[in-house]
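Scope of the values below: all heavy atoms of this structure, side chains included, with no hydrogens, waters or symmetry mates. All chains are named by letter (A, B, ...) in the order of the sequence lines, taking the proteins before the strands, and each is independently numbered beginning at 1.
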Amino acid sequence: MALSIYNSLIREKQLFVPLHPGRVHMYVCGPTVYNDAHLGHGKTYVNFDVMVRYLRYLGYRVLYVQNITDVGHILDSGEDRILQGAQREQMQPMQLAEYYTRRYYRDMDRLNVLRPDITPRATGHVHEMIEWIEKLVESGHAYVADGSVYFDVSRFADYGKLSGRRLEEAQSGTRVQVADEKQSPEDFALWKKADPEHIMRWNSPWGEGFPGWHIECTVMSTKYLGHPFDIHGGGVENKFPHHECEIAQAEALDGTPFARNWVHNGMLMIRGEEMHKSLGNYITLEGAYERWDPMVIRFFILQSHYRGPLDMTEEAVDAAARGLDRLVGTVRALRKQAASAQEGEVSSDTSALLEGAREAFEAAMDDDFGTPGAIAALFDLSRAVNVRLSEVGALKQGDLDAIGSLFQSLAGDVLGVLPNEIATSQTAALSDRLIELLIETRRELRQAKAYELADRVRDRLSELGVQLQDGPQGTSWIVS
RNA sequence: GGCGACGUAGCCAAGUGGUUAAGGCAGGGGUCUGCAAAACCCCCACCGUCGGUUCGAGUCCGACCGUCGCCUCCA
């Protein structure tokens, strides 16, 4: 088996072959940092994070670039996002961008999203954008109009190849009035002249202004990843116009292909509706973390395929939480038993079990990053391991280590859904011994049939988050 | 209006032509237990509707119904 990826450009799954053997260059459209990240960002960046992790698991050296959009751009209302946010928060534009950039990474860190290798800021690449735009003007693919520069879509025959749109069709039904200086309604801005009150502005051959939205991704992706590069990702909602325009700008000059694989992930919905502030269902990650463990949200996201839409309901996330508990429970039990297991090598039974689990996991992931199937493989493994864990002496030290490291590799390193190792500080070691002491006391109470008192010990421990579990081999405990 | 996606059990969600339609949650029945929890075992779907292609379709084609996204700057 080998990895296949659905390529939006050709609309089918394709055996993945990187441009340079053993290396993958990947770009994903990052956030505009004018507000807190929401659950939709969570889905998108978890989806792409797992792709990066799996590619690395397969042995590729991945160079992962994700931009930070800190240039404002224009809203329908004619306002600039960053400017609007700066006014709202009483901050300077760059201060605002810095503030939300930090919060973005804080929120992503908690979701266990690995940071990209390079996180270029748009404001730091205005020079390169200007150079690129100049070349487009020189080659006749763009024109200057009243201090702004527009890409002439009619000069790029492939325009629409990603989104399946034709120019003739784009004419009707457009709901936004066309800027006067555009030659054609579908032409898009490469450079916008800055109004006097516009704070973020740069000098350019066309006067003071600021870059259009699409150009930053074209410039920054190719700067760090080459031209062409392997994978370009982003949300489906950006397929048109954003990604279509990126392609036009990148390929118009000399026909060099831009991204070889386009990967789009589906939208996150809240109870059947797209998330919108106006609908009152806008949920920031920070807000969601008050209700659920970030790891639960991550697990919930990965239980559906990245390309599909994901409808978020409380019921569904709660169900995912219980499912994740089950998986983590096995890992915890594994570690617990490892502390007292007999010495011994890995048995052939364990080896076969693990090999089968790994194969099932990889088969699912190889098929366009099928995380739901991969998770199913882990649940199957979990059940098989639980059976063995409950048989006294069935698993030797070697077995437990081997199983533990497979879980760590697949659930921990690739899917990123295992909580970090609990640090064994001195006080933690002490509390462990204190819990054992209480369990010992309770055992004696039970032997004396003092059940009321024994249950009280259990209940009080439960209140403290320590769950006792009586089994044939005595009582074990977990921290919930 | 144009482009596109999707409709699988109470809920979530895989499956892309072929023996018994993954997995999780919930539910039911058991094992274990002083009780409980956990764990384990068993049970729980004819795949939106109607046609068509095929020896054979959830899986391909068409129509219809329904939901959703995009159509100038939202991940």
Expressed in whole Å, how much space separates the C1' atoms belonging to B/rA75 and B/rU33? 50 Å

Atom CZ of A/R322 to atom C1' of B/rG24: distance rounded to whole Å? 11 Å

Close side-chain approach of A/P31 to A/Y104, heavy-atom, < 4.5 Å: yes

Just wondering, are more than 12 heavy atoms of other shown residues or ligands nearer than 6.0 Å to CZ in A/R456? no

Taking side chain to side chain contact (heavy atoms under 4.5 Å, CB included) as the definition, give me every residue that meets it alongside A/E251, ordered by chain and number, with sequence neighbours left out. A/F156, A/K161, A/I247, A/P257, A/F258

Results of ring pair (Phe, Tyr, Trp, His ring centres under 6.0 Å) for A/W132 - residues two or more places apart only: none

Please determine, for B/rA39, whether a Watson-Crick or G-U wobble partner exists with both distances under 3.5 Å, and give it or none. B/rU31

Residues two or more places apart in sequence or in another chain: which of them pass ring pair (Phe, Tyr, Trp, His ring centres under 6.0 Å) with A/F188? A/F151, A/H214

Hey, can you pull the residues of residues 37-48 of chain A with a non-hydrogen atom under 4.0 angstrom from RNA chain B? A/H38, A/G40, A/H41, A/T44, A/Y45

Using the C1' atom in both, what is the distance from B/rA45 to B/rA14, to the nearest Å? 14 Å

Just compare B/rG23, B/rU72, B/rC68 and give me whichever is closest to any side-chain atom of A/M269. B/rC68

Could you work out the separation of B/rA38 and B/rC6 based on their C1' atoms and round it to a whole Å? 38 Å

With rounding to whole Å, what would you report as the distance between B/rU16 and B/rC61 at their C1' atoms? 14 Å

Which whole-number value in Å describes the distance from A/Y159 OH to B/rC3 P? 17 Å

Using heavy atoms to find the nearest nucleotide of RNA chain B for A/P241 and A/I375 separately, return the residue whose nucleotide is more 5′. A/I375

Just how far, in rounded Å, is P of B/rC73 from NE2 of A/H242? 13 Å

With a 4.0 Å cut-off on heavy atoms, is A/L389 in touch with a base, just the backbone sugar-phosphate, or nothing at all? nothing

Would you say the side-chain atoms of A/R121 and A/T119 include a donor-acceptor pair closer than 3.5 Å? yes

Just by protein heavy atoms under 4.0 Å, how would nucleotides 30-39 of chain B read 5' to 3' in B, S and -? ----BBBBSS

Nucleotide paired to B/rG4 in any strand shown, Watson-Crick or G-U, under 3.5 Å: B/rC68

Provide, to the nearest angstrom, the distance between the CG atom belonging to A/L324 and the C1' atom belonging to B/rG24. 11 Å

Result for 5'-nearest mapping on RNA chain B, choosing between A/W213 and A/A377, is A/A377

With rounding to whole Å, what would you report as the distance between B/rA13 and B/rA22 at their C1' atoms? 10 Å

Could you tell me the separation between the CD1 atom of A/I283 and the P atom of B/rA75, rounded to a whole number of Å? 17 Å

Among residues at least two apart in sequence or on other chains, which ones pass ring pair (Phe, Tyr, Trp, His ring centres under 6.0 Å) with A/F361? none

For the C1' atoms, the ones on B/rA9 and on B/rG24, what distance do you get once it is rounded to whole angstrom? 13 Å

Could you state the CE-P distance from A/M267 to B/rC6, rounded to the nearest angstrom? 16 Å

With heavy atoms under 4.0 Å as the rule, sort A/R388 into base, sugar-phosphate or nothing. nothing

When you compare the protein's N or O atoms with those of nucleotides 13-19 of chain B, which come within less than 3.5 Å of each other, and at what distance?
from	atom 1	to	atom 2	distance (Å)
B/rA14	OP1	A/H305	N	2.6

Restricting to ring pair (Phe, Tyr, Trp, His ring centres under 6.0 Å), what partner residues turn up for A/H38, sequence neighbours left out? A/H41, A/Y282

Looking only at the side chain of A/L268 (C-beta and beyond, no hydrogens), which of the listed nucleotides B/rC73, B/rC12, B/rA75 gets closest? B/rA75

Rounded to whole angstrom units, what separation is found between the NZ atom of A/K239 and the P atom of B/rC68? 20 Å

What pairs meet the salt bridge (Lys or Arg N to Asp or Glu O under 4.0 Å) rule with one or both residues in residues 373-392 of chain A, with sequence neighbours excluded? A/D349-A/R388

Considering only atom C1', compute the distance from B/rC44 to B/rG28 and round it to an integer number of Å. 8 Å

Please state the P separation for the pair B/rG58 and B/rU67 - nearest whole angstrom. 26 Å

Please report, to 0.1 Å, the donor-acceptor pairs under 3.5 Å made by any side chain of residues 319-328 of chain A, with sequence neighbours excluded.
none

Between A/E89 and A/Y100, do the side chains contain an N or O donor and an N or O acceptor separated by less than 3.5 Å? yes

Qualifying salt bridge (Lys or Arg N to Asp or Glu O under 4.0 Å) pairs, either residue in residues 458-470 of chain A, two or more places apart: A/R442-A/D470, A/R446-A/D470, A/D455-A/R458, A/R460-A/E463

With a 3.5 angstrom cut-off on both distances, give the Watson-Crick or G-U wobble partner of B/rU54, or none if there isn't one. none

Verify the distance criterion only: is there a donor paired with an acceptor across the side chains of A/N261 and A/Y6 at less than 3.5 Å? no

All pairs passing salt bridge (Lys or Arg N to Asp or Glu O under 4.0 Å) where residues 105-116 of chain A contributes a residue, at least two apart: A/R106-A/E286, A/D109-A/R115

Output the rounded distance in Å from CD (A/E216) to P (B/rA75). 11 Å

Does B/rU20 pair with anything, Watson-Crick or G-U wobble, both distances under 3.5 Å, and if so, with which nucleotide? none

